[in-house]
Amino acid sequence: MDPTLTPRESADTLSRRSFLAKGALLGFGAPLATAACAPEMPQRALLNSNRPDYPYELADPENQLLSSCLQCNTGCGIKVKLQEGVAVKIDGNPYSPWTLLPHLDGTVSADTAARVDGSICPKGQAGLQSCYDPYRLRQVLKRAGKRGENKWISVPFAQAVQEICDGGALFAGVPGEEQRRVEGLREIRPMLPTDVAKAMKADIEAYWKEKDPARKATLLGEFRATHDAHLDALIDPAHPDLGPKSNQIVCAWGRLKGGRSEFYKRFATALGTVNAHGHTTVCQGSLYFTCKAMSDQWTGEQFAGGQKFYWQADTEHSEFVLFVGANLFEANYGPPNRSVRLTENLVTGRTRIAVADPRFSKLASKAWKWLPIRPGTDAAAALAMIRWILDHDRQNRPFLAAANKAAAAAIGETSWSNAAWLVTLDPSGAPGEFLRASDAGLAREGEAKAFVVQQGAALVAFDPNDDAHAVVGDLLVDRTLASGTRIKSSLQILLDSAHQHTMAEWCEMAGLEEADVVAVARALADAGPRGAVDIHRGPAQHTNGFYNVLSWMSLNLLLGNFDHQGGMIAAATYDYAGSKGKAFDLNAHPGKPTTFGVSSIRHDLAYEKTSLFAGYPARRNWYPLSSDIYEEIIPSMGDAYPYPCKALFLYMGAPTYALPAGHTNAEILQDTSKIPLFVANDILIGPTSMYADYIFPDLSFLERWEFQGSHPNIPQKVQPVRQPVVAPIPEEVSAFGQVMPLSFEAMMLGIAEALNLPGFGRHGFGAGQPLAHPDDFYLRGVGNLAHGEQPDGSDAAPPASAREIAIFRRARRHLPPSVFDEARWRGVVGDELFPRIVTILNRGGRFQTHADSHPPGDLVKNRYAKLLNLYQEKTAAVIHSGTGTKHPGIATYLPVRDYHGHEPVALREGYPLAMITHRTISQTKSRTVADPWLSPLMPENRVLINPVDARQLSLSDGQSVKVVSATNPTGEHHPGPGFRVTMIGKVQYTETLRPGVMSFALGFGHWATGSHDVEINGEVVPGEKRRQAGLHANAAMWVDPTLGNTCFLDPVGGSVSFYDTFVNLVPV
Amino acid sequence: MNALPLATDYVPRYQVWRRLLWIAWTVMLVLGTIGLVQRFVQGHLPAGYGSYVPWGLWIAIYFHGVGMAGGVFFIGALGYLLGWPGFQRGKNLRLVIVLALSAIVPAFVAVGLDLGHMLRFPSIFLHPSFTSMMAFNAWMYSAFVVVAGVCWWLSYLKDAGLRRPLAEWLKPLLSLAIVFAMLFPSQSGAFFGVVGAKPYWHSALLPVLFLTSALTSGAALLLFARVLTNAAGGYQVTPQEQAEEHWMMNRLRIWLVAGLITYVGFEFAEFSIAFWNPTSHAPALELVLWGPYWWVFWGVHLLAGVAVPLALLGSRTRRYWPPAAMLVAVSFLSARLNVLVPGQAVPELKGLHEAFRHSRLDYIYHATLMEYFVGLFCVALGMTVFVLGRRVNQAVRDWFQVRVPTFGHEAL
Amino acid sequence: MPSEQNRDRPSLPPDPEPVAPPKTGTTMTRQEFVRTLGLATAGVSGAVALVAISRRDRAPRDPVGPDTVRTLPEPADLPGPGAEEDVLLRMQRELRQAMAKPVEERKWVMVIDQRKCVGCHACTIGCIAENKLPPGVVYRPVTTEETGVFPNVRLQFLPRPCMQCEEPPCVPVCPVDATWRRPDGITIIDYDRCIGCRYCLTACPYGARTSDFGEYYTDGTVAGDGDVLAADGAKAWEHQPNHELGKRWNRTGHQSPMGNARKCHFCLHRLEVGELPMCATTCIGRATYFGDANDPRSLVSELLQQHQTRTLLPHLGTKPRVFYIA
Ligand SMILES: Nc1nc2c(c(=O)[nH]1)N[C@H]1C(S)=C(S)[C@@H](COP(=O)(O)OP(=O)(O)OC[C@H]3O[C@@H](n4cnc5c(=O)[nH]c(N)nc54)[C@H](O)[C@@H]3O)O[C@H]1N2
Ligand SMILES: Nc1nc2c(c(=O)[nH]1)N[C@H]1C(S)=C(S)[C@@H](COP(=O)(O)OP(=O)(O)OC[C@H]3O[C@@H](n4cnc5c(=O)[nH]c(N)nc54)[C@H](O)[C@@H]3O)O[C@H]1N2
Ligand code: SF4
Ligand code: SF4
Ligand code: SF4
Ligand code: SF4
Ligand code: SF4
Ligand SMILES: [Mo]
């Protein structure tokens, strides 16, 4: 018996079910450890009756595990409370800044924290129902009918792995597929010798870099000659830059978090494919990729290294915030952490807010002003405010004038912008590259002083990254150099863009009252760096998303609020992946194959550079400025552009449900000639995994490991850890001789073992460093957190006390050895680190203290502290592959356009309502419908319209209508053979919608996810009807007529368009 | 004058009535049993009442049943005490007691089935709280049943001329039972009246309405029962008795008419108070008058329960009276429902039913098939109790006749 | 139908009125009359006495006095008063202090700031999860009220726990004394005594009592012990006992609280161990305050002093102990 266990606990061990023995513990911490003096709770303490008392064991630390929620992507810290080994209650983890403000310091003992619950949203509390969903899969399913027909058989794990690797006539029993031979992974990926691959990769990069067409052709010929012996390993020797055949394996995902992300990418790389693509663009791609473009740094040669991230307001300290298309109280990242940082300030008057949204959201209900903006016109509204601020000289002049790091430091700023930098205009007057100091004769080429500002009459060259010599520039410059080159400052370009229309015109376009717009602009200017424009999906998910985001972000630049308390802040996380010199290096990948070639979604690469270039428009769009183009993954396979694919892996994604016009993806997935092998990893039969050839069951977020990361509204540096808290639902399998629950990792380990992939198995991380069990991976990650970021371990987590180790152990008594085995865990991290990871895991992650995040002064602790691009030279150089014209490099207003650049005027005709969509607090996408607790809050969503429109269309409240659009005039889609879903919902009158706009909440109208009957092993598994309620109108969202199989999209930021479709409502 | 034509004055085709009633009984018993089985197997799941409308058809049946029992007893026992023709004989009183019992037993069953924990019903007797009108009610009804039972026995003794000292308690006890009988309906009114949460119930007129409806439906039931029992063979007696019968019938008919008119009058008063002085109780009224169940008020209550019976009773044609009485006895259930349900169907807090959606958290109540079936069971049960009660009456009479020769024919 | 009437008329009996009412048995003897009076008086006064006795304030059936004192030690590692802390921690500390007093000296109140309520329903679900409430049973719904016309719209959220009325109309109507107001002001139901008559449901003007009709949230999902699907194996959470009133309640097999009226009890079982009611704990807008109004320094006392609070349906005289700041 463990000496640190209290007598009470030992008694408990002996008779787990003897509730008297559990005699409640009343005290915090200390009394727990000395239970002998803890007062026994008198019997009949509350209710004087014969029924035995039932001490509240959920308050004991040994019945709690701290982890991280994934009911939505906010990832709040959670405290899962277990009763007899079953998760029964989920509350907030008090150590997590998401759920308590301020959160508990890590020094607070686990005993104390056990009695403090943080706050989380209703979905988070219902999370245990996602885990305990009766429709969860326990065994691998193999398709036994046509794709989408929902007929399955269960197969042993090993058989599934073998069939996927070896291929064959796998579906001979399915009508129509008797003759179909499926290529197995082994066959799809003939691996190139490493040196050959490396050489090819270098040659291809050189080819891409070459701008001269003639030279390019030559390089291509040379390539073929050099690599003649290996050309058959390439997809298309005529286009060697498409890369090796292994690129025909696509690894896609929806919601993928830290840890699993490295695991999956390791797997993809080991398979030899460059195609590892996520879902960012369905989410808010253009928000990420605009900010990526804004955060590109000058390397001395080019602008590069922009972060795929964004900023949000530090609302805890803001004076004024304009929220734009941000649904803080129902969605965003996310309600618990953001609400608690706002509501108190709102009632004390410390913070005032305005909301720009076509919909009067719950957030708007607390706002001083609501701007009911017309969908898709965000840039117009932003430019109106920019215009007002610049016209009234209310911008943050010192901040904008600072042209380099030293200048920023001189005025107490950490970041600086290129507002004062001079830009050259081409003869047509379009802004192009920055004026180079060398061109202006102020420096030699290659010198650090690369750029130029104007100071009065003088032109001054400077180095943007110079932290010694401060350079400031004039803000508004428009002149012609002696050389005849016309130059403008970045800010001048912005001003010109804002001056394209008058205030009245901008407001008219945005459908807003000028007085309101001015009032908000003034409030922002008044708040200065303690003001912020906090934006989210609303402006981003449009064909003009990139420029909407850029316009609003430019407003933030005018305020100069970056890194300011109350201004725009960025997320900060503790590193778990490690590197050489840290405790563990999760990226260590012995024998890592070199991957190269055009990605299947054509990202990170300009069309003109490739051998596929054939004038404009291209067959499909190219995305040099963005990645993870969800709406391209499957439709590109449908078009076999840039090349046909052979195998698709999909992890935790539901593009058929999530994407606008997602039904287009369903059609392609049903075609085995376009996607010959489709393997999904899912916890149940989902809206996209329903088309898979094999579904590997996964562990839910309550059973698995992940590093959740952070969001820009969390001012602290953090790393929440998701860890197994309930015993796994899926069956146990083995790979590399290890027993583990069937999971995403088991699937990858199984395949890795069968294919002998490098970077997995007994020496996966290096000699004697195995990657054979999920623990090998994740515990190393936790070990890195525990060890800290200093190589010397000076910021290591303290080792846990004996008491905490005892709690740690007992709190896991319900977990099987395949999940928790103390000896194995100790073995992975070593005895020195083990007590330290206990500290981390007993706190659900690592979190900086609240006091540390906001040091005295105006600035936050965790800073961006870099260049901010108001004008984007790199963007301005990119050619739109659909139109052949260059993208603007500055905030500007663009109308809604299809891929070929045409306004979809014809599509709107006869469809009077602009359709948008939004989240409701109770549902997350395709996932939370499994949770019955949430249903009563909103059993079905409605077709929300203003009564004015309803009367115009003669629709009554509660009437059932079908949502139709020009690209889906029947209002139907067909998820499978003989399976039809009609988008019918009930009209709800509401004054909360701008007239002319219709909206529906996300998360309803399901056709998979346990909602319909399926057949497994010849037996009908009845679906739960409740899950079908309401409508999901994504299939009414426009299909881009120039592409035919995907939705409208933002050619720059990659975003899909969620808010540009016009629909009609047809009574049924 | 021949006795038979007399009976046929009221039910010219008694055999048809009889057969119809037996068929109805059989059908109701079969359906009722189905309902009952469902209730026992599935509990309350198949029921339509919920938490925002906690009481439905069964509680209406309960109040209707006890109301009628009170009404029947009040009229019958008072008539006996005061020696009204057609009421004054021991056998008249015993029929009244059996009739009251056959109204009250199904009422108890209905409320018992409505309980979430039926088997804890005895608690009302073991740990009553008399601040609750429900406990008070239960005790009173039980006391009533006991007293009525004692009266029933004493009436035999009295008629047989046995145990005189004991038999002399009959009238005092009867008087007490009459007080009870009168208290019930007004009590039932108070049952709802104390519920301040429901403005529609919280009305001074409610006890009066309950009393009126009890007396009216009681009179109706009595009329109907007497016609049937007489037609079944109670008439072959003296012309004096026949005359008394007619007198009694006419009296019941007049009271019935008066009761109906009074009820509608009070109802109108109640409604107009709400309309001229719109309080929160107007919404409930709107529901009654124009809500989804408007037809219950206009069709079942006013037309079938008041207008048609009034027209029929207005006629001097006697054979119109029994159907009229039956209509009143049955359709006054709708009056109960119309007090019960709308009173609950109006939320005090706006939007509560939308805040958390569940079929039992709604202000719309639809009785389910199971509830209707159990309702039918209650009616069948009432009929059964009545028929059995009469058998017992006869058996006891026969027993007395054997023992006490003086136990005369008249005393039947 | 004149023809019918004509046919009927001859058979009409002579007017019954002339028949003289029989003389026998109509009058009461003096003795009978006295007995009648006696019985009636006894009956009525008995009834009145019963009611009067039950109306009288009974000695509390709940434990009071020193037995109810809970010593919940102050954890040394929390920030403590004066430091920057989440209001949840402050309220929890004040709660521990209140628990150190005998139950009759605590006056639990809730203050809900509607200006801070974001309508997230976390409290609703938190309560359901904490108390393992079945479908159709809810202790704290949050209503949404939309008013105004575009663009001048207003949304207001109203969380509605039990008001813990000082004059709870739900209590006296209970026929079996299964529900009562405790010395700390919380009205509870002993599910083992409740017969499930639902009278109290009708009596509560706030709709704060709901009945447990025996449903399960997993009704209607795939059943069986499944190898391939989780099925019944995943439903254990719904069959765990709950901790209401510090007792062990498991509904399985139509056990109480199935079949009973149920209501909010201010999470007495959590107060007992020094934790706030679940709805206050999980309120992401920090709109729900809870504490002892007898402690003048408590946060709730401060709020009640600083703000013009309102109660719901004050005209009914129920005197709620849940106060709203609007
Ligand atoms: N409950 C819940 N929470 C979630 C999620 C969930 O599924 N459910 N998902 C998580 C994820 S993945 C994400 S990305 C976030 C999303 O978080 P948010 O972006 O904050 O949430 P949405 O509801 O998508 O917000 C879009 C808002 O934009 C408005 N809008 C629509 N069109 C326009 C427009 O043209 N201009 C402007 N200005 N506004 C417009 C909509 O009315 C809506 O209020 O939420 C996260 N949190
Ligand atoms: N109408 C409308 N549509 C929208 C939006 C909107 O606002 N309105 N928002 C969009 C946004 S922001 C986003 S981010 C996308 C998200 O869209 P996706 O990234 O495609 O993801 P999810 O809908 O979260 O669903 C993922 C699928 O993964 C499976 N799954 C669930 N849990 C697990 C698990 O634990 N493991 C594994 N392996 N699989 C699991 C289920 O089948 C589920 O259907 O949706 C978009 N769709
Ligand atoms: S906001 Fe998202 S992550 Fe946080 S508790 Fe709710 S569902 Fe979970
Ligand atoms: S339902 Fe229970 S608590 Fe309510 S009145 Fe009836 S017996 Fe009492
Ligand atoms: S709110 Fe309702 S249930 Fe609560 S004490 Fe008051 S009357 Fe009783
Ligand atoms: S106090 Fe407890 S029981 Fe009452 S509503 Fe809040 S969480 Fe539910
Ligand atoms: S948890 Fe708080 S903010 Fe959310 S609905 Fe309840 S009271 Fe309002
Ligand atoms: Mo997203």
Among C/C204, C/C194, C/G317, residue most engaged with chain B (heavy-atom pairs, under 4.5 Å):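 Counting heavy-atom pairs under 4.5 Å, the top option is C/C194.
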Most chain B-contacting option - heavy-atom pairs closer than 4.5 Å, from C/G136, C/P141, C/P205: C/G136
Is it the backbone or the side chain of [X] that comes under 4.5 Å from a heavy atom of chain B, or both, or neither?
{"X": "C/T124", "value": "side chain"}
{"X": "C/P135", "value": "both"}
{"X": "C/V142", "value": "backbone"}
{"X": "C/D219", "value": "neither"}
{"X": "C/E215", "value": "both"}
{"X": "C/H121", "value": "side chain"}
{"X": "C/L37", "value": "neither"}

Report the C-alpha separation of B/L349 and C/R160 in whole Å, then their side-chain angles, then the decisive distance to 0.1 Å, and conclude whether the side chain to side chain contact (heavy atoms under 4.5 Å, CB included) test is met. CA-CA 9 Å; B/L349 294 184; C/R160 200 251 35 226; 3.5 Å; yes
Output the distance between atom [atom1] ([X]) and atom [atom2] ([Y]), rounded to the nearest 0.5 Å.
{"X": "C/Q31", "Y": "B/W169", "atom1": "CD", "atom2": "CH2", "value": "8.0 Å"}
{"X": "C/I195", "Y": "B/I124", "atom1": "CD1", "atom2": "CD1", "value": "3.5 Å"}
{"X": "B/L81", "Y": "C/E32", "atom1": "CG", "atom2": "CD", "value": "8.5 Å"}
{"X": "B/E348", "Y": "C/L313", "atom1": "CD", "atom2": "CG", "value": "5.5 Å"}
{"X": "C/F33", "Y": "B/K171", "atom1": "CZ", "atom2": "NZ", "value": "12.5 Å"}
{"X": "C/R262", "Y": "B/S51", "atom1": "CZ", "atom2": "OG", "value": "11.0 Å"}

Taking [options] one by one, which has the highest count of heavy-atom pairs under 4.5 Å against chain C?
{"options": "B/V111, B/D114, B/L170, B/L174", "answer": "B/D114"}
{"options": "B/A47, B/A143, B/S175", "answer": "B/S175"}
{"options": "B/L176, B/N137, B/V53", "answer": "B/L176"}
{"options": "B/G343, B/A135, B/A138, B/G43", "answer": "B/A135"}

Specify whether C/F213 and B/H44 have parallel, tilted or perpendicular ring planes, treating 30° as the upper limit for parallel and 60° as the lower limit for perpendicular.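 Rings of C/F213 and B/H44: perpendicular, as their planes differ by over 60°.
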Report which part of [X] has an atom under 4.5 Å of a heavy atom belonging to chain C: side chain, backbone, both, or neither.
{"X": "B/F191", "result": "both"}
{"X": "B/Q344", "result": "side chain"}
{"X": "B/L173", "result": "both"}
{"X": "B/L115", "result": "both"}

Check the pair C/S256 / B/R120 against side chain to side chain donor-acceptor pair (under 3.5 Å), numbers first and verdict last. CA-CA 11 Å; C/S256 278; B/R120 292 187 192 164; 2.7 Å; yes
Within the distance-only criterion (no hydrogens, no angle test), does the side chain of B/T131 pair as donor or acceptor with the backbone N or O of C/P172 below 3.5 angstrom? yes
May I ask you to decide if B/G116's main-chain N or O and C/H254's side chain share a donor-acceptor pair within less than 3.5 Å?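 Such a contact is found between C/H254 side chain and B/G116 backbone.
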May I have the step-by-step check of side chain to side chain contact (heavy atoms under 4.5 Å, CB included) for B/F356 and C/R140, ending in yes or no? CA-CA 9 Å; B/F356 192 82; C/R140 183 172 157 125; over 6 Å; no
Over all heavy atoms of both residues, which pair between [X] and [Y] is shortest? Give the atoms and the distance, please.
{"X": "C/C174", "Y": "B/S132", "answer": "O-CB, 3.3 Å"}
{"X": "B/P54", "Y": "C/T202", "answer": "CG-CG2, 3.7 Å"}
{"X": "C/G207", "Y": "B/L352", "answer": "CA-CD2, 4.2 Å"}
{"X": "B/H117", "Y": "C/M258", "answer": "NE2-O, 2.5 Å"}

What's the verdict on side chain to side chain contact (heavy atoms under 4.5 Å, CB included) for B/W55 and C/L201, showing C-alpha distance, side-chain angles and the deciding distance? CA-CA 9 Å; B/W55 286 337; C/L201 271 68; over 6 Å; no
